[in-house]
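Structure first, then comments.
For the numbers below, each heavy atom of this structure counts, side chains included, while hydrogens, waters and symmetry mates do not. One-based numbering, in listed order, for ligands and for the atoms of each.
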Amino acid sequence: MYLESTSSDRSVGKRALAGKGGGLPEDSANSVRDSQLLGTYGRMLDRSRGGSMPENARLQLNGNTYELPVTVGTEGEHAVDISKLRDESGYITLDDGYSNTGSCKSTITFIDGERGILRYRGIPIEQLAEKSTFLETAWLLIYGELPTPQQLECWSALFTQYEMIHEGLYHHFDGFPAYGHPMAILSAMINADSCYEPEMIEVESPATFQRAAARLMSKIRTIAAAAYKTSIGQPIVYPKPHLDYCSNFLHMMFSIPFRDFEPDPDQVAALQLILILHADHEQNCSTSTVRMVASSGANLYASCAAGVCALWGPLHGGANAAVIEMLQRLHDNKVDLKGYIARVKEKDSKERLMGFGHRVYKNYDPRAKIIKEVADKVVGNLKRADPLLEIAKKLEDVALSDPYFVERKLYPNVDFYSGITLRAMGLPVNMFPVMFAMGRLPGWIANWKEVREVKSHLYRPRQVYIGKNARDYTPLEERRTELVSAVPELKDPVSEYSALS
Ligand code: ACO
């Protein structure tokens, strides 16, 4: 098999690569530096700056040549389009974990992981973090443009209109045990909520979609706070219409009857920032899940509930909680940090330095830079210093000067400091992924809408089967243990199962 590409001058690519608004630097000194920094990817971009851009790729396979068109995105990203490959050749491509696979074309979020760039609808995350609000950013993600003052006012009014959850839904909380994980409760309640307004499921007009989007975003914070109150045995607190999105959430989390919680403005600002930073991140695990579910025609609620489940895993939305658990362990056991770093580097180590590394960013996560300053401020406002922040800073210093992390381009990701900030606000660790879900919801909604609008195909990847070849069914009496040895033997499965149930 052989893959080559043909070339031609493509001014559209050159224009995109010239890098307006935070794109690529143009002078050659920077170009050389970038190229060294970015390795193969940088060299490819440099070549394309020279004017010759690949037009088609040619795949040679078993004596046949297949022309594969090259697609170029508006930021100069190149993709070999293999959508007709199986029809024409009978072959599929194999990309375990999808690191080299573009699953869709999207206009929502741009990430350049090598350069640490993140933009929502073209606007750099740094500008949104400084100037925008979560509701405004959500509108931008969902509709593609910043809202006009009137649109923002209506959008905000919808959030107030939908902030309560149906009284019937409150009874569901009684059915969960106090130790139920809030992520399990959140995904269940998002689906349950859809039963109370069935017309929101069909989303037949732009107006219904807008209401459904605002309704879901507004109610998720009421559900999240109610899940927390249930878990600590306190009465559920109702939302207050005059409060902004984040203050209202903190009120429902921390007010108790006859004693209203007055949130610190720095904490409100920090929470808003965390939500903005998490609002979208192109085709990450949970967003791809939302798109996958949406592609079957599933409604907004079902698709976003699936997103919550995908986000729950420790390698994705559970990482901020895992960071705190790691820091707490290091603190409680007075672990030597250099020794710990040595341990995570071992080839067969089961431990990883949580909050470090990213599938896409091979440079400092731009969100981590922003959140680090906020963590310092919120923690600085606490009456006492947080020893975990000190450990986090030391760990970062040790790791960033260690060739293992430098060579593998493992930098702190957004979770490294967001956990510390949420902890300083008094949020319990099991609520951290819930905060992530609240933040990511606009991104999920925007992606759900995009799947609907482009009338996407049903997402249905293929596989390379490596299991047993065709064989006959063995009757029960002929089966022997050595033939089914792949199944682990439990000592006393019946009592083990009954102990679990
Ligand atoms: N600590 C120690 N070593 C690491 C770490 C880490 N956190 N992350 C990656 N590595 C090492 C791997 O052992 C591997 O080493 P090798 O080349 O010697 O085998 C190399 O770096 C590449 O690792 P991969 O797992 O192939 O990288 P991948 O891109 O698949 O993983 C991931 C990304 C899952 C985020 C990983 O870096 C990780 O587990 N980090 C810790 C968990 C975490 O913080 N997750 C949050 C992600 S951000 C988010 O979802 C918001």
message: I'd like to know if K345 contacts ligand 1, where contact means a heavy-atom distance under 4.0 Å to any ligand atom.
response: no
message: So, taking the atom named CG in N447 and the one named OG1 in T109, what distance separates them when rounded to the nearest 0.5 Å?
response: 7.5 Å
field: Per-atom contacts, ligand 1 versus D415 - under 4.0 Å to a heavy atom
entry: 46 (C), 48 (S), 49 (C), 51 (C)
task: May I ask you to identify, for V323, whether its side chain, its backbone, both or neither come under 4.0 Å of ligand 1 on a heavy-atom basis?
output: neither
query: With no hydrogens and no angle check, do the side chains of R221 and S218 hold a donor and an acceptor under 3.5 Å apart?
result: yes
- prompt: Any luck finding a side-chain donor-acceptor pair between W444 and S286 under 3.5 Å?
  reply: yes
- prompt: What protein heavy atom sits nearest atom 48 (S) of ligand 1, and how far off is it?
  reply: H358 CD2, 3.4 Å
message: Working note: E450 + R291, criterion salt bridge (charged side-chain N to carboxylate O under 4.0 Å, His left out); need CA distance, chi angles, decisive distance, verdict.
response: CA-CA 9 Å; E450 195 169 70; R291 288 187 80 113; 2.9 Å; yes
Contact check, Y404 vs ligand 1, heavy-atom distance below 4.0 Å: yes
- request: Please work out whether the ring planes of W448 and F209 are parallel, tilted or perpendicular, with thresholds of 30° and 60°.
  value: parallel
Spatial distance of atom NZ (K372) from atom CD1 (I420) [nearest 0.5 Å]: 11.5 Å
- prompt: With a 3.5 Å cut-off and no angle check, do the side chains of R215 and Y301 form a donor-acceptor pair?
  reply: yes
message: I need the contact type for N413 against ligand 1. Using non-hydrogen atoms and a strict under-4.0 Å cut-off, is it side chain, backbone, both or neither?
response: side chain
- request: Select one of side chain, backbone, both or neither to describe which atoms of R352 lie under 4.0 Å from any atom of ligand 1, heavy atoms only.
  value: both
- prompt: So, is F356 polar-close to ligand 1, with some N/O to N/O distance under 3.5 Å?
  reply: yes
field: Shortest protein heavy-atom distance from atom 9 (C) of ligand 1, along with the residue and atom involved
entry: L410 CD2, 3.5 Å
message: Could you measure the distance from the CG atom of L300 to the CD1 atom of I445? Nearest 0.5 Å is fine.
response: 5.5 Å
Heavy-atom nearest neighbour in the protein, as seen from atom 35 (C) of ligand 1, with distance rounded to 0.1 Å: G357 O, 3.8 Å
task: Provide the closest heavy-atom pair for I371 versus Y417 in the form atom of the first, atom of the second, distance.
output: CG2-CB, 3.7 Å
Aromatic ring pairing F159/W155, orientation class (parallel under 30°, perpendicular over 60°, tilted between): perpendicular
message: Would R359 count as being in polar contact with ligand 1, using the rule that some N or O on each side must be under 3.5 angstrom apart?
response: yes
Proximal ligand 1 atoms for K362, defined as those under 4.0 Å from one of its heavy atoms: 29 (O)
- request: Please check atom 13 (O) of ligand 1 for a protein heavy-atom neighbour under 4.0 Å.
  value: yes
statement: The atoms of ligand 1 lying under 4.0 Å from a heavy atom of G355, numbered in the order shown, are 43 (C), 44 (O)
statement: Counting heavy atoms under 4.0 Å, the part of H278 that contacts ligand 1 is neither
message: Any protein heavy atom at under 4.0 Å, with atom 3 (N) of ligand 1 as the reference point?
response: yes
statement: min-distance protein heavy atom vs atom 18 (O) of ligand 1 -> R408 NH2, 3.0 Å
- prompt: Can the ring centroids of F436 and H281 be said to lie less than 6.0 angstrom from one another?
  reply: no
field: Which of the ligand 1 atoms, numbered from 1, are nearer than 4.0 Å to a heavy atom of F436
entry: 51 (C)
message: Classify the ring geometry of Y411 against Y364: parallel below 30°, tilted from 30° to 60°, perpendicular beyond 60°.
response: tilted
message: For a quick check under 3.5 Å, do T93 and D95 share a side-chain donor-acceptor pair by atom type?
response: no
- prompt: What protein heavy atom sits nearest atom 50 (O) of ligand 1, and how far away is it?
  reply: H316 ND1, 3.2 Å
task: Please check atom 42 (C) of ligand 1 for a protein heavy-atom neighbour under 4.0 Å.
output: yes
task: Any atoms of ligand 1 less than 4.0 Å from a non-hydrogen atom of M354? List them with their elements.
output: 42 (C)
